[in-house]
Number of protein chains: 2
Amino acid sequence: MFSKSCEYAIKATIYIAVQSNQGNRVGLKDIAREIASPEAFTAKILQQLSRNHIIDSVKGPNGGFQIDKKEMTRIKLSQIVSAIDGDAIFKGCGLGFKECSEKKPCPVHDKFKVIRNELKTMLENTSVQELSLGLANGLTFLHR
Amino acid sequence: MFSKSCEYAIKATIYIAVQSNQGNRVGLKDIAREIASPEAFTAKILQQLSRNHIIDSVKGPNGGFQIDKKEMTRIKLSQIVSAIDGDAIFKGCGLGFKECSEKKPCPVHDKFKVIRNELKTMLENTSVQELSLGLANGLTFLHR
DNA sequence: AAATTAAAGGATAATTTTGTCCTTTAATAT
DNA sequence: ATATTAAAGGACAAAATTATCCTTTAATTT
Ligand code: FES
Ligand code: FES
């Protein structure tokens, strides 16, 4: 469904959100440990998120990553997915046509687009804030 | 969403179904041309489908691939996807946990499982027969 | 039986994704 | 100012996916 990069991106963002809510800026090591991801690889993904203004980064001592509190409710899962995986999952053809079209639909088009749109809607309506609550309350987890 | 292999597998199966309905057995070259896929790679996928009893294969002159007419309504998209990509898409965690669980859910679990189940249901209820009709009637296409 | 046809299967290669290592840049602390 | 800290970035490596080539097996035709 999502690439490994995207999975890490989502987990990292949620973890940073929880910590930011508690006023903590978090470093790479901390994040990678918490979401059980390879450190150097995670660094690349955090860079991408930062470039896409999904998270903020600060260099130097006591540096690290954070998310602006008021931005947190505005950032949706769809933005993270777009930033890392692109928009193929929202608009792409289920059978790999260059683009999905009503004019020349693939055999699964009618059935696939329904699911794809539901996924799109879900991702567009799910905020990082919202997901961070479940984690902060111990109802959800970032690793096993 | 699906792997390239799986996309080819679905397209190939539908094409074979249409041809089988018209009493034609079809060869690799024919299939690969029709679904615009690399020939040798497609051969591997057809082997997998054959081993999983989704299609039948016949060697030698006038050999090729076919699908039993009465089997065609029973074969669902889910079987093709399972055979090629496994069942991660039906049961897997959206954030890559080894397995999805209610006990220790990831942050997107509640929202993700809804979509995943809808996808599962759609795939389980969509027959190859059904999809082959749209193609035979010129309403859908296997390439552009 | 021999030649021909077409799928099955093994080995190998290209590409993409995932992951690592090391240097550079920018911020803070001494 | 200098040293230290931590992210940014470049180069490289491993693994998985996608793709190709060639040989073998099994069926049909001559
Ligand atoms: S054309 Fe394939 S999903 Fe729309
Ligand atoms: S635990 Fe992640 S989707 Fe269920």
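Convention: sequence-line order gives letters A, B, ...; per-chain numbering from 1.
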key: Value in whole Å for how far the P atom of C:dT18 lies from CD1 of A:Ile35   = 14 Å
DNA chain D-proximal residues of residues 85-99 of chain B, any heavy atom under 4.0 Å = none
Which atom pairs link the protein and nucleotides 16-18 of chain D when you take only N or O atoms and keep those under 3.5 Å?
{"from": "D:dT18", "atom 1": "OP1", "to": "B:Lys4", "atom 2": "N", "distance (Å)": "3.1"}

message = For a side-chain contact (heavy atoms from CB on, under 4.5 Å) check, start with the C-alpha distance between B:Asn21 and B:Met72, then their side-chain angles and the critical distance, and finish with the verdict.
response = CA-CA 9 Å; B:Asn21 260 326; B:Met72 224 155 61; 2.8 Å; yes
I'd like a table of atom pairs between the protein and nucleotides 21-25 of chain C - only N or O on both sides, under 3.5 Å - with the distance next to each one.
{"from": "C:dT25", "atom 1": "O2", "to": "A:Lys59", "atom 2": "NZ", "distance (Å)": "3.1"}

ask   = C:dG19 C1' sits how many Å from A:Ile84 CD1, rounded?
value = 15 Å
key: Whole angstrom value for the distance that separates C1' of C:dG9 from CD1 of B:Ile45   = 15 Å
request  = Would you check if B:Ile10 and B:Cys6 make a side-chain contact, meaning some heavy-atom pair closer than 4.5 Å?
outcome  = yes
message = Test of understanding: with side-chain contact (heavy atoms from CB on, under 4.5 Å), list the residues that count as partners of A:Lys44, not counting sequence neighbours.
response = A:Gln47
Nearest-angstrom distance from the residue atom CD1 of B:Ile31 to C1' of C:dA6 = 12 Å
query = Rounded to whole angstroms, how far apart are CD on B:Gln66 and C1' on C:dA6?
reply = 14 Å
B:Lys29 side chain to B:Val26 backbone, donor-acceptor under 3.5 Å = no
request  = Figure out the CZ/C1' separation between B:Arg25 and D:dT28, and round it to whole Å.
outcome  = 11 Å
task = Between B:Pro61 and A:Gly60, just flag the one whose closest nucleotide in DNA chain D comes earlier from the 5' side.
result = A:Gly60
Nearest heavy-atom neighbours spanning B:His109 and B:Glu102 = NE2-OE2, 3.1 Å
query = Is it true that a side-chain atom of A:Lys11 and a backbone atom of B:Leu95 form a donor plus acceptor pair closer than 3.5 Å?
reply = yes
inquiry  = D:dA6, OP1 or OP2 - any side-chain N/O from A:Ser57 closer than 4.0 Å?
reply    = no
message = For B:Lys4, is the NZ atom crowded, meaning more than 12 foreign heavy atoms sit under 6.0 Å from it?
response = yes
message = Atom CZ of residue position B:Arg144 - does it have more than 12 heavy atoms of other residues, nucleotides or ligands inside 6.0 Å?
response = yes
Close residues, residues 46-55 of chain B, relative to DNA chain C [heavy-atom separation under 4.0 Å] = B:Gln47, B:Ser50, B:Arg51
inquiry  = Rounded at 0.5 Å granularity, tell me how far CD1 in B:Ile55 sits from CD1 in B:Ile80.
reply    = 9.5 Å
ask   = Hey, is the main chain of B:Gly94 close enough, under 3.5 Å, to the side chain of B:Arg116 for a donor-acceptor pair?
value = no
query = Taking the side chain as C-beta and beyond, is there a heavy-atom pair between A:Phe2 and A:Ile84 under 4.5 Å?
reply = no
key: Whether A:Gln79 side chain and A:Lys76 backbone form a donor-acceptor pair below 3.5 Å   = yes
Which donor-acceptor pairs under 3.5 Å do side chains of residues 128-136 of chain B form with protein atoms, sequence neighbours excluded?
{"from": "B:Glu130", "atom 1": "OE1", "to": "B:Ser127", "atom 2": "N", "distance (Å)": "3.1"}
{"from": "B:Glu130", "atom 1": "OE2", "to": "A:Lys111", "atom 2": "NZ", "distance (Å)": "2.6"}
{"from": "B:Ser132", "atom 1": "OG", "to": "B:Gln129", "atom 2": "O", "distance (Å)": "2.6"}

ask   = Do the ring planes of A:Phe41 and A:Tyr8 sit parallel (below 30°), tilted (30 to 60°) or perpendicular (above 60°)?
value = perpendicular
task = Can you tell me the distance, in whole Å, between the NZ atom of A:Lys29 and the P atom of D:dA7?
result = 8 Å
query = Rounded to whole angstrom units, what separation is found between the CD atom of A:Glu39 and the P atom of C:dG19?
reply = 14 Å
